[in-house]
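Worksheet: the structure to be examined is printed underneath.
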Amino acid sequence: MLIFALSRLLRAFITIALVVSFAFVALRLSGDPALEILSSDATPDAIAAFRSAWGLDDSIGVQFLRYAQAVFAGELGHSMRDGRDVLTVVAERIPVTLAITLPALMINIVIGIPAGVVAALNRNTPLDRILMAGAVAGFTVPSYVLGFGLVLIFSVWLGWLPSGGSQSWINAVLPVFTLGVGGAAILARYTRSAVLEVLTQSYVRTASAKGVPWRHVVERHVLPNAAIPTVTIIGLMVGHLVAGAVIVESIFSWPGIGRLLVGSVVSRDLAVVQGILLLVALTMVIANMAVDLLYGMLDPRTLSRRHK
Amino acid sequence: MSALTMSLASRASRRKRLRIPLLLKIAFAWVALLAIVALFANELAPFDYMAIDLRNRLAPPLGFGGSADHILGTDELGRDMASRLIYSIRMSIVIAFGATMIGAFFGTILGCLAAHFRGVIEAVILTLADFQAAMPFLILALSVLAFVGNSLTIFILLLGLHGWERYTRIARGLAIAATGQGYAGAVRQLGAHPVRVYTHHILPNIASTLIVSMTIAFPEIMLVESGLSFLGLGVQPPATSLGSMIGYGRDYLARAPWILMAPALVISLTALAVSIIGDGLRDHLDRSTGSHAS
């Protein structure tokens with residue numbers, strides 16, 4: 001267990017280190033932030049002062065070392081736009097994004113898993129076909145198409161729900177739904193195949209052959225075992241939600257991390273972009289580690305196998 | 001007796017394999033239609049897609065009060081929507097096709113390198129693959145893109161990074177398995193250069209699996225391209241793509257929903273069609289590899 005946890009920690013560290021280097025190299029080498037922040041008619045003196053103030057004069061290697069040191073000390077620098085601390089700028093957007101991503105994750109799970117289970121237990125019936133057709137439609141329709149479709153129906157034509165903004169919970173209804181549908185569709189597909197896989201196992205046949213009621217077979221044998229591969233997919237959902245939030249926040253003018261990222265990319269606010277990249281990487285690493293631990297708890301075989 | 005049932009079964013399965021489901025035919029037809037539109041965009045487009053006609057701004061499509069001049073209506077500058085749609089389809093397909101090819105090419109090479117050298121090189125390549133798989137691609141692409149600039153070549157190269165790790169994993173796994181088989185060893189014993197062994201002997205044997213991954217990657221790349229263009233960070237005006245049409249159409253959602261609807265419909269149907277084709281190919285492949293094994 002200890003070796004397993006340590007190897008996971010090492011991989012997590014490598015991922016974070018790669019994100020830091022990736023962000024640094026991609027963002028720092030490709031343009032001159034001084035010219036971008038200051039207007040093009042800035043005097044050479046002003047540009048030089050800006051450069052030395054932001055440490056842009058040193059060699060790339062020195063800049064990187066200083067950056068990496070600062071990152072691991074929790075010091076992410078200041079936004080180049082308003083000079084505020086990156087940690088503060090990013091942190092104040094986190095609850096705003098969580099307010100739509102967490103309910104969306106709930107939608108993923110509450111719709112996706114039951115739909116997949118029902119489809120698998122009614123394999124090749126019209127119900128299965130309808131559910132799976134819905135799932136295919138759910139993950140092939142891009143979120144901006146779905147989002148604007150919903151705006152058109154519920155805001156423009158019916159006038160029931162606001163098309164954007166973040167004043168109250170009612171503003172969150174359309175973003176949460178738009179964000180949740182795609183993931184629910186993917187989860188339904190995976191759950192269905194996981195349940196179908198378990199249904200072919202001999203212990204399911206044995207249980208029903210010895211007279212256990214079908215309901216009990218499903219509850220005690222099928223669902224717990226089908227949960228194991230499904231948990232892995234929920235880890236994937238987190239990445240899906242993070243990427244989806246960027247688009248969905250832009251559709252509905254929801255002032256979260258996604259909007260901040262797009263705005264910072266447009267204005268080339270390097271420090272904020274790097275801060276967000278790091279936050280996303282941390283989120284992904286934590287989500288993957290949580291999935292691995294959950295996986296180990298649900299299926300003790302994986303832990304003992306890795307020990308050997 | 002058993003030989004008879006086996007041959008009957010194999011004949012039945014062959015017949016089943018040849019019968020293409022209706023849905024798959026429709027999906028193929030849709031993709032073929034798009035390919036024709038993309039190839040003959042210049043001939044098919046009724047107007048120049050950049051031609052501005054301010055007297056005909058926001059004209060509705062035919063059947064919704066519009067005229068036959070502009071079948072799909074016009075946008076906020078009076079540009080013909082049908083022509084814009086045709087050129088957008090060409091742009092989106094060219095980008096997705098190019099990026100898919102780039103990803104498959106480099107991903108497969110890296111996979112073969114990992115399988116050939118093993119050791120440190122393999123570990124480095126697999127670590128990079130893990131990293132790529134762990135980060136949401138849209139976030140990575142978004143940050144690189146705005147800083148590198150918006151040239152079309154860079155945009156295609158960047159999207160080529162999408163999903164390379166899948167080809168790498170598949171190619172590595174299959175190449176390691178294939179190396180262990182007799183034919184690769186035999187060719188190597190005859191003195192063939194490793195490059196020849198991979199390109200002439202191993203690659204043809206693993207190509208079908210890689211092609212299926214490409215059909216899965218294609219709509220994904222199209223969606224990422226549209227998403228980035230929708231955010232205003234992908235294809236830049238005056239060039240147009242399906243995503244940027246949606247991005248500009250959003251401001252006129254209430255007054256002129258057709259600006260947004262036509263490209264939205266095309267993207268959704270294309271993603272749907274390619275995913276149906278991908279599923280069909282995978283089923284076909286599973287069945288044929290299954291029959292090999294038995």
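Naming: A, B, ... by sequence-line order, numbering from 1 per chain.
Using a 4.5 Å cut-off on side-chain heavy atoms (C-beta onward), B:Arg250 and A:Val151 make no contact. The closest side-chain heavy-atom distance from A:Pro142 to B:Ser226 is not below 4.5 Å. B:Pro219 places none of its side-chain heavy atoms less than 4.5 Å from the side chain of A:Thr140. Side-chain contact between B:Ile267 and A:Tyr144 is present, with heavy atoms from C-beta onward closer than 4.5 Å. Here the side chains of B:Met135 and A:Leu277 are in contact, with some heavy-atom distance below 4.5 Å. Using a 4.5 Å heavy-atom threshold, the side chains of B:Pro257 and A:Phe148 count as separate.
For B:Leu260, the part lying near chain A is the side chain, with the backbone staying farther off; criterion is any non-hydrogen pair under 4.5 Å. For A:Leu18, the parts lying near chain B are the backbone and the side chain together; criterion is any non-hydrogen pair under 4.5 Å. For a residue to count as touching a neighbouring chain, one of its non-hydrogen atoms must lie under 4.5 Å from one of that chain's; by this rule A:Ile251 touches chain B with backbone and side chain alike. Contact of B:Thr270 with chain A is not made at all, since no heavy-atom distance falls under 4.5 Å. With a threshold of 4.5 angstrom between heavy atoms, B:Leu140 approaches chain A through its backbone and through its side chain.
The most heavy-atom pairs under 4.5 Å with chain B, out of A:Val280, A:Ile276, A:Val136, A:Ile14, come from A:Val280.
Taking non-hydrogen atoms and a 4.5 Å limit, the residue list of residues 240-247 of chain A in contact with chain B, ordered by number, reads A:Val242, A:Ala243, A:Val246, A:Ile247.
Residue pairs satisfying the salt bridge (Lys or Arg N to Asp or Glu O under 4.0 Å) criterion with at least one member in residues 177-192 of chain A, sequence neighbours excluded, are listed as follows: A:Asp128-A:Arg192, A:Arg189-B:Asp279.
For CZ of A:Phe177, the number of neighbouring non-hydrogen atoms (other residues, nucleotides, ligands) closer than 6.0 Å is 12 at most. For A:Tyr190, the OH atom sits in a loose shell: 12 or fewer heavy atoms of surrounding residues, nucleotides or ligands are nearer than 6.0 Å.
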